[in-house]
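I have placed the structure first, in the form of structure tokens, so that the comments after it can refer back to it.
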Amino acid sequence: MKNKKILVTGGAGFIGGNFVQHMVKKYTEYDIYNLDLLTYAGDLTKHNDFEEKKNYHFIKADIANRKAIMELFEKEKFDFVVHFAAESHVDRSITNPEIFVVTNVLGTQVLLDAAREHGITKFVHVSTDEVYGELDFNPETFFTEQTPLQPNSPYSASKASSDMLVSAYYETYNLPINITRCSNNYGPYHFPEKLIPLTISRVFNDQKVPVYGDGKNIRDWLHVKDHCTAIDLVLHEGLDGEVYNVGGHNERTNLEVVKTIINTLGKSEDLIEFVEDRLGHDKRYAIDPTKLEKLGWKPTYNFETGIAQTIQWYLDNKQWWEQILSGEYQKYFKEQYSSEF
Ligand code: NAD
Ligand code: DAU
């Protein structure tokens with residue numbers, strides 16, 4: 001019997017990269033095709049061990065390049081698509097929204113057309129809780145799959161637009177899709193522009209940590225490996241057309257997160273520097289994952305075990321993040337944090 005072919009877009013990034021590793025190791029009967037444009041956020045060194053693996057393949061391509069994507073689908077005849085590729089950083093979407101529309105909206109639509117034309121048996125669209133907008137600080141309120149979409153940043157607006165296109169392809173063309181909406185991820189290979197790896201790398205180097213506003217905004221943190229098992233489950237067991245929220249009830253204020261990292265690394269809380277707030281900064285995210293749990297998913301990490309493992313990973317893999325910090329990133333950091341640092 002022929003191996004199933006799975007196209008993973010964005011498999012050189014943080015979550016897609018962890019997912020590729022999960023799938024290549026777990027399913028030797030699948031051929032995993034990692035398609036990625038290798039933007040600033042993409043890095044293939046994380047897959048160095050896989051180069052010899054027979055069931056791993058890499059394709060450099062832009063999901064918004066219709067001709068290239070159509071030709072690829074024609075040639076490879078994929079069975080499944082798991083779509084991670086995106087511009088993913090909210091701050092970058094505030095300074096440069098256009099590329100978010102091109103990649104996240106147009107790129108998704110190109111993939112949907114290719115999937116429809118070539119009879120894909122499942123298209124999993126990896127989305128985010130940010131499409132629901134923000135919650136207030138009442139700890140009894142959560143995002144469910146019924147919560148109306150109300151995105152507040154250019155990033156989340158582009159993700160909500162892509163979600164609606166994915167749903168429309170199910171309703172209009174019967175394309176077998178699922179949408180997953182996950183809360184904030186953390187773990188190995190998280191790009192150091194995001195709060196947790198940014199804090200670890202800066203605290204490690206005794207540098208100030210920029211905390212937006214009063215630091216009381218709340219995020220619901222999920223270890224990336226638990227996100228990967230959720231997507232694996234949805235890919236194999238998800239009911240066509242359904243949305244699944246992914247989260248593990250690990251709500252923390254940003255200040256709690258930063259202090260946990262500082263204390264674990266044995267440094268001083270004087271490193272915290274409150275800076276100007278993010279524009280349109282969502283107050284709180286919190287996921288109700290009941291529907292996914294009913295499908296059979298259970299996270300393996302809580303925030304305490306996950307953050308300890310993650311900090312240790314960053315200590316053991318300094319070379320990976322130091323090489324990122326020494327490049328283009330320095331220009332980005334100066335522009336983003338300007339005079340304060
Ligand atoms: P990331 O920024 O680390 O990785 C994105 C990857 O997509 C990179 O490898 C990049 O090179 C690639 N890419 C960008 N534009 C491309 C294009 N035009 N064509 C092909 N490849 C392109 O992102 P991430 O944090 O791993 O997020 C992955 C997905 O998960 C995104 O869709 C994001 O919206 C979603 N998500 C992220 C989180 C989170 O906490 N990071 C939570 C929920 C959902
Ligand atoms: O909720 C899921 C989303 O989580 C994903 O869809 C996004 O792709 C992902 O980037 C993430 O978005 P956030 O904006 O929540 O993550 P970020 O790490 O950028 O910020 C987390 C919180 O920390 C947020 O409240 C802003 C704050 N923050 C962030 C940075 C980079 C700071 O206080 N200082 C900072 O320097």
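Sequence positions, counted from 1, serve as the residue numbers for this chain. Any value given below was found using the heavy atoms of this structure, including those in side chains, with hydrogens, waters and symmetry copies removed. Just follow the structure's listing: the first ligand is 1, and inside any ligand the first atom is 1.
The cationic atom of Arg116 (NZ for Lys, CZ for Arg) does not lie both less than 6.0 Å from the six-membered ring centre of Phe123 and within 45° of the ring axis.
Nearest residue to atom 5 (C) of ligand 1 from Ser127, Ala86, Ala85 is Ala86 (criterion: closest heavy atom). Summarising the contacts of atom 14 (O) of ligand 2 with Arg278, Arg219, Lys216, Lys194, the nearest heavy atom is found in Arg278. Here the shortest heavy-atom distance to atom 19 (N) of ligand 1, taken over Ile63, Leu195, Asp43, Asn34, belongs to Ile63. Of the candidates Phe84, Phe19, Tyr186, Phe14, the one placing a heavy atom closest to atom 29 (C) of ligand 1 is Phe84.
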Let's go through Lys298 and Glu293 carefully: what are the C-alpha distance in whole Å and the side-chain angles of both, what is the deciding distance for salt bridge (charged side-chain N to carboxylate O under 4.0 Å, His left out) to 0.1 Å, and is it a yes or a no?
CA-CA 6 Å; Lys298 227 169 109 177; Glu293 285 169 354; over 6 Å; no
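At the shortest separation from atom 27 (C) of ligand 2 among protein heavy atoms lies Asn254 ND2, 3.4 Å. The nearest heavy-atom contact from the protein to atom 21 (N) of ligand 1 is Leu37 N, 3.1 Å. Of all protein heavy atoms, the one closest to atom 8 (C) of ligand 1 is Asp36 OD2, 3.6 Å. Scanning the protein for heavy atoms near atom 1 (O) of ligand 2, the closest one is Asp129 OD1, 2.6 Å. From the protein, the heavy atom lying nearest to atom 43 (C) of ligand 1 is Cys182 O, 3.4 Å. Among all protein heavy atoms, the one lying closest to atom 37 (C) of ligand 1 is Ile15 CD1, 3.4 Å. Atom 40 (O) of ligand 1 has as its closest protein heavy atom Asn185 N, 2.9 Å.
The ligand atoms of ligand 1 that sit less than 4.0 angstrom from a heavy atom of Ser88 are 1 (P), 2 (O), 23 (O), 25 (O). Residue Thr128 approaches ligand 2 through these ligand atoms, each under 4.0 Å from one of its heavy atoms: 1 (O), 2 (C), 3 (C), 5 (C), 6 (O). Applying the 4.0 Å criterion to heavy atoms of Tyr155 picks out, from ligand 1, the atoms 33 (C), 34 (O). Of all atoms in ligand 1, listed by their number and element, those nearer than 4.0 Å to a heavy atom of Ser183 are 42 (C), 43 (C). Of all atoms in ligand 1, numbered sequentially from 1 with element shown, those under 4.0 Å from a heavy atom of Asn184 are 40 (O). Counting atoms of ligand 1 from 1 in the listed order, those under 4.0 Å from a heavy atom of Leu38 are 11 (O). With ligand atoms numbered from 1 in the order given, ligand 1 contributes 30 (O), 32 (O) to contacts under 4.0 Å with heavy atoms of Val126. Taking a cut-off of under 4.0 Å to the non-hydrogen atoms of Pro210, the atoms of ligand 2 that pass are 32 (C), 33 (O), 34 (N), 35 (C), 36 (O). The Tyr155 neighbourhood of ligand 2 comprises atoms 5 (C), 6 (O), 7 (C), 8 (O), with distances under 4.0 Å to a heavy atom of that residue. Which parts of ligand 2 touch Val211 is read off a 4.0 Å heavy-atom cut-off, strictly below it: atoms 33 (O). Of all atoms in ligand 2, listed by their number and element, those nearer than 4.0 Å to a heavy atom of Val90 are 14 (O). Near His89, meaning under 4.0 Å from any of its heavy atoms, are these atoms of ligand 2: 19 (O). Using a 4.0 Å cut-off to heavy atoms of Thr103, the atoms of ligand 1 that qualify are 15 (N), 16 (C), 18 (N). Remark: ligand 1 atoms within the under-4.0 Å shell around heavy atoms of Gly42 are 8 (C), 9 (O), 11 (O).
Under the 6.0 Å cut-off for aromatic ring centres, His236 and Tyr30 qualify, their centroids lying closer than that.
Polar contact check, Thr39 against ligand 1: a nitrogen or oxygen pair lies under 3.5 Å apart. Polar contact check, Gly13 against ligand 1: a nitrogen or oxygen pair lies under 3.5 Å apart.
Between Tyr186 and Lys194, every side-chain heavy-atom pair lies at or beyond the 4.5 Å cut-off. Here the side chains of Phe142 and Ile287 are not in contact, with every heavy-atom distance at 4.5 Å or above. Counting heavy atoms from C-beta outward, Asn254 and His281 have side chains that approach closer than 4.5 Å.
For Lys159, every heavy-atom contact with ligand 1 shorter than 4.0 Å involves the side chain, none the backbone. Both the backbone and the side chain of Asp62 come within 4.0 Å of ligand 1, judged by heavy-atom distances. Here Asn104 has no heavy atoms under 4.0 Å from ligand 1, in either its backbone or its side chain. Looking at Tyr285 against ligand 1, nothing comes within 4.0 Å, counting heavy atoms. The proximity of Leu195 to ligand 2, defined as any non-hydrogen pair under 4.0 Å, involves the side chain as well as the backbone. Of the heavy atoms in Ala61, only backbone atoms (N, CA, C, O) come closer than 4.0 Å to ligand 1.
Proximity of Glu193 to ligand 2 is established by a heavy-atom distance of less than 4.0 Å. Ligand 2 has at least one atom lying under 4.0 Å from a heavy atom of His281.
A salt bridge links Lys283 with Glu134: the distance from a Lys NZ or Arg NE/NH1/NH2 to an Asp or Glu carboxylate oxygen falls below 4.0 Å.
Heavy atoms from other residues, nucleotides or ligands lying under 6.0 Å from CD of Glu29 number more than 12. In Glu328, the CD atom is not crowded: 12 or fewer heavy atoms of neighbouring residues, nucleotides or ligands sit closer than 6.0 Å.
Interatomic distance, CG of Asn245 versus OG1 of Thr290, reported as 9.0 Å (0.5 Å rounding). Atoms CD and CD, from Glu117 and Glu74 in turn, are 8.0 Å apart once rounded to the nearest 0.5 Å. Trp221 CH2 to Ser183 OG: the interatomic distance, rounded to the nearest 0.5 Å, is 9.0 Å. Between atom NZ of residue Lys54 and atom CG of residue Asn3 there is a gap of 11.5 Å, rounded to the nearest 0.5 Å. To the nearest 0.5 Å, atoms NZ (Lys225) and NE2 (His227) are separated by 13.5 Å.
With respect to Met23, the side-chain contact (heavy atoms from CB on, under 4.5 Å) criterion is satisfied by exactly one of Asn55, Asn18, Leu235, Val82: Leu235.
Remark: the Tyr169 side chain and the Asp113 side chain contain an N/O donor-acceptor pair separated by less than 3.5 Å.
Of the possible polar contacts, none joining the Lys46 side chain to the Tyr189 backbone as a donor-acceptor pair under 3.5 Å is found.
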